[in-house]
Amino acid sequence: MSRSRSIAVWPRSPTRARQIQLELAARVRREPLRSTPRRIAGLDAALSTDGLDVIGVAVIWDLHDQCLLEQAAARRRLRFPYIPGLLSFREAPALLAALDKVRHSPDLLLCDGQGVAHPRRFGLACHLGVLCDLPAIGCAKSRLIGQATDPPPEPGAWSLLLDNDEIVGAVVRTRAGSRPVYVSVGHRCTLDDAIRVVLSCCGGHRLPEPTYWADRLSRRLRAGS
DNA sequence: GCGACAG
DNA sequence: ATCTTGTCGC
């Protein structure tokens, strides 16, 4: 029961990977969310202790009841090096495999990485969103591209992330006293939707609950192997 | 050539 | 991501 289409391609060379990004970037849709998402999939990855595998984790967070419904993980051999701008070719295979193991179908994907706040407007969240044909949001812990002023110190405050004159995302303060997070559209939603969703599931942590729990589980699994 | 650079 | 001790702050 694969949730992603069979259009996935996993190149070995950086050049081919960038070419694929340019092709798939044309499929990214920035449009209003059709309905309020309830089941949010939180995605994150960790490396195995030996550094040979990627451990992908997918958790399902119920935004209505504010609780964790399910969690799943998948381990895949690393087949691509880490190169800024090409992160998805390294983590996506394991994340998609983890997503396929989850029983509750998610309404939206919340990823630990960028969406369109990317050199070719195709970060991890766009890649996963397009392959699964689901609304997706990128919520990264640091910046890849773009400039922004520091958002005010109050939780909920944010400032636009600009790449020249283009709006590529927002720098959002999810918690007082903590560094802000970088939010951007992954697929099938607007930047306002993305900011709203991220803020709606931030329960006291810097990271939104879905991503927070996925991160926690991935580290736990790493420690146990 | 130099600096930047998700995880 | 991962490696790592102490240390500043609430």
Side-chain angles (χ1 to χ4, degrees), chain A residues 10 14-15 17-18 20-21 24-25 28 42-59 73-99 109-131 136-148 153 155 161-164 168-172 174-187 191 194 198 204-208 210-225:
Chain A
W10 308 110
T15 297
R18 293 189 185 91
I20 291 168
Q21 290 185 319
L24 294 180
V28 172
L43 306 164
D44 192 26
L47 299 182
S48 55
T49 306
D50 60 20
L52 297 176
D53 300 327
V54 189
I55 300 170
V57 166
V59 304
R75 189 168 174 156
R76 288 288 182 281
R77 177 98 344 146
L78 268 176
R79 298 188 179 187
F80 206 89
Y82 170 69
I83 296 173
L86 300 179
L87 175 67
S88 64
F89 293 96
R90 188 174 164 85
E91 300 191 340
L95 294 175
L96 289 171
L99 214 39
L109 307 179
L110 186 49
C111 315
D112 184 33
Q114 315 290 346
V116 298
H118 176 281
R120 289 167 292 286
R121 306 293 180 263
F122 200 69
L124 176 66
C126 300
H127 207 151
L128 295 175
V130 167
L131 291 184
I137 294 170
C139 183
K141 298 183 292 299
S142 62
R143 186 194 71 91
L144 209 211
I145 62 157
Q147 294 72 48
L161 179 62
L162 306 170
D163 185 27
N164 292 308
V168 295
V171 183
V172 183
T174 54
R175 175 182 170 162
S178 293
R179 293 162 50 208
V181 293
Y182 295 74
V183 178
S184 59
V185 170
H187 190 44
L191 178 56
V198 166
H205 309 294
R206 173 165 85 116
L207 297 181
T211 282
Y212 173 82
W213 291 110
D215 175 78
R216 217 158 159 286
L217 178 56
S218 70
R219 298 199 190 204
R220 212 161 116 308
L221 292 176
R222 169 196 155 72
S225 192

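Naming: A, B, ... by sequence-line order, numbering from 1 per chain. Values in this document were obtained by computation on a predicted structure and should not be read as measured data.
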K.L.:
Taking all non-hydrogen atoms of both residues, which atom of A:Gly115 and which atom of A:His118 are closest, and how far apart?
P.N.:
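In terms of heavy atoms, the two residues are closest at O-CB, 3.6 Å.
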K.L.:
At their closest point, which heavy atom of A:Ala117 faces which heavy atom of A:Leu161, and how far apart are they?
P.N.:
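Residues A:Ala117 and A:Leu161, closest heavy atoms: CB-CD2, 3.9 Å.
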K.L.:
Could you spell out the base pairing of DNA chain C as a dot-bracket line? Use Watson-Crick and G-U wobble contacts where both distances are under 3.5 Å, [ ] for crossing pairs, | for partners on a different strand.
P.N.:
..........
K.L.:
Going by side-chain contact (heavy atoms from CB on, under 4.5 Å), name the residues that satisfy it together with A:Ala46, two or more places apart in sequence or in a different chain.
P.N.:
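Once residues adjacent in sequence are excluded, the partners of A:Ala46 under the side-chain contact (heavy atoms from CB on, under 4.5 Å) criterion are A:Ser218, A:Arg222.
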K.L.:
Can you name the residues that form a side chain to side chain donor-acceptor pair (under 3.5 Å) with A:Asn164, not counting sequence neighbours?
P.N.:
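Applying side chain to side chain donor-acceptor pair (under 3.5 Å) to A:Asn164 gives none.
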K.L.:
Taking A:Leu124's backbone N and O only, do any of them form a donor-acceptor pair with A:Glu91's side chain (distance below 3.5 Å, no angle check)?
P.N.:
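No, A:Glu91 side chain to A:Leu124 backbone: no donor-acceptor pair under 3.5 Å.
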K.L.:
Does atom CZ of A:Arg216 have more than 12 heavy-atom neighbours, drawn from other residues, nucleotides or ligands, at distances under 6.0 Å?
P.N.:
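For A:Arg216, atom CZ is not crowded (no more than 12 foreign heavy atoms under 6.0 Å).
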K.L.:
Can you name the residues that form a side-chain contact (heavy atoms from CB on, under 4.5 Å) with A:Ser178, not counting sequence neighbours?
P.N.:
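Listed in chain order: A:Arg175, A:Arg206.
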K.L.:
side-chain contact (heavy atoms from CB on, under 4.5 Å) with A:Ala17: which residues, sequence neighbours excluded?
P.N.:
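Once residues adjacent in sequence are excluded, the partners of A:Ala17 under the side-chain contact (heavy atoms from CB on, under 4.5 Å) criterion are A:Pro11, A:Phe80, A:Leu86, A:Phe89.
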K.L.:
How does each nucleotide of nucleotides 5-10 of chain C score, in 5' to 3' order, for protein heavy atoms under 4.0 Å: base (B), sugar-phosphate only (S), or none (-)?
P.N.:
------
K.L.:
Send over the distance from A:Arg75 CZ to C:dA1 P, rounded to a whole Å.
P.N.:
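Taking CZ of A:Arg75 and P of C:dA1, I get 17 Å after rounding.
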K.L.:
Which letters describe nucleotides 1-7 of chain B, given B = protein heavy atom under 4.0 Å from base, S = only from sugar-phosphate, - = neither?
P.N.:
---SBBB
K.L.:
Just grab all the salt bridge (charged side-chain N to carboxylate O under 4.0 Å, His left out) pairs involving residues 178-187 of chain A, residues at least two apart or on different chains.
P.N.:
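Not a single pair qualifies under salt bridge (charged side-chain N to carboxylate O under 4.0 Å, His left out).
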K.L.:
Restricting to salt bridge (charged side-chain N to carboxylate O under 4.0 Å, His left out), what partner residues turn up for A:Arg219, sequence neighbours left out?
P.N.:
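Salt bridge (charged side-chain N to carboxylate O under 4.0 Å, His left out) check on A:Arg219 returns A:Asp215.
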K.L.:
Test: salt bridge (charged side-chain N to carboxylate O under 4.0 Å, His left out). Region: residues 75-89 of chain A. Which pairs qualify, not counting sequence neighbours?
P.N.:
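Non-adjacent pairs meeting salt bridge (charged side-chain N to carboxylate O under 4.0 Å, His left out): A:Asp53-A:Arg75, A:Asp53-A:Arg77.
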K.L.:
List the residues meeting side-chain contact (heavy atoms from CB on, under 4.5 Å) with A:Arg121, not counting sequence neighbours, and say none if there are none.
P.N.:
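In terms of side-chain contact (heavy atoms from CB on, under 4.5 Å), with neighbours along the sequence ignored, A:Arg121 is linked to A:Val116, A:Ile145, A:Asp163, A:Glu166, A:Val168.
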K.L.:
Can you tell me the distance, in whole Å, between the CG atom of A:Leu52 and the P atom of C:dA1?
P.N.:
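So the CG-P distance, A:Leu52 to C:dA1, works out to 18 Å.
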K.L.:
Looking at A:Cys126, is its backbone amide N or carbonyl O close enough to the side chain of A:Gln114 to form a donor-acceptor pair, meaning the two atoms are under 3.5 Å apart?
P.N.:
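Here the side-chain-to-backbone pair does not exist.
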K.L.:
Reading 5' to 3' and counting Watson-Crick or G-U wobble pairs with both distances under 3.5 Å, write the dot-bracket notation for DNA chain B, | for bases paired outside the strand.
P.N.:
.......
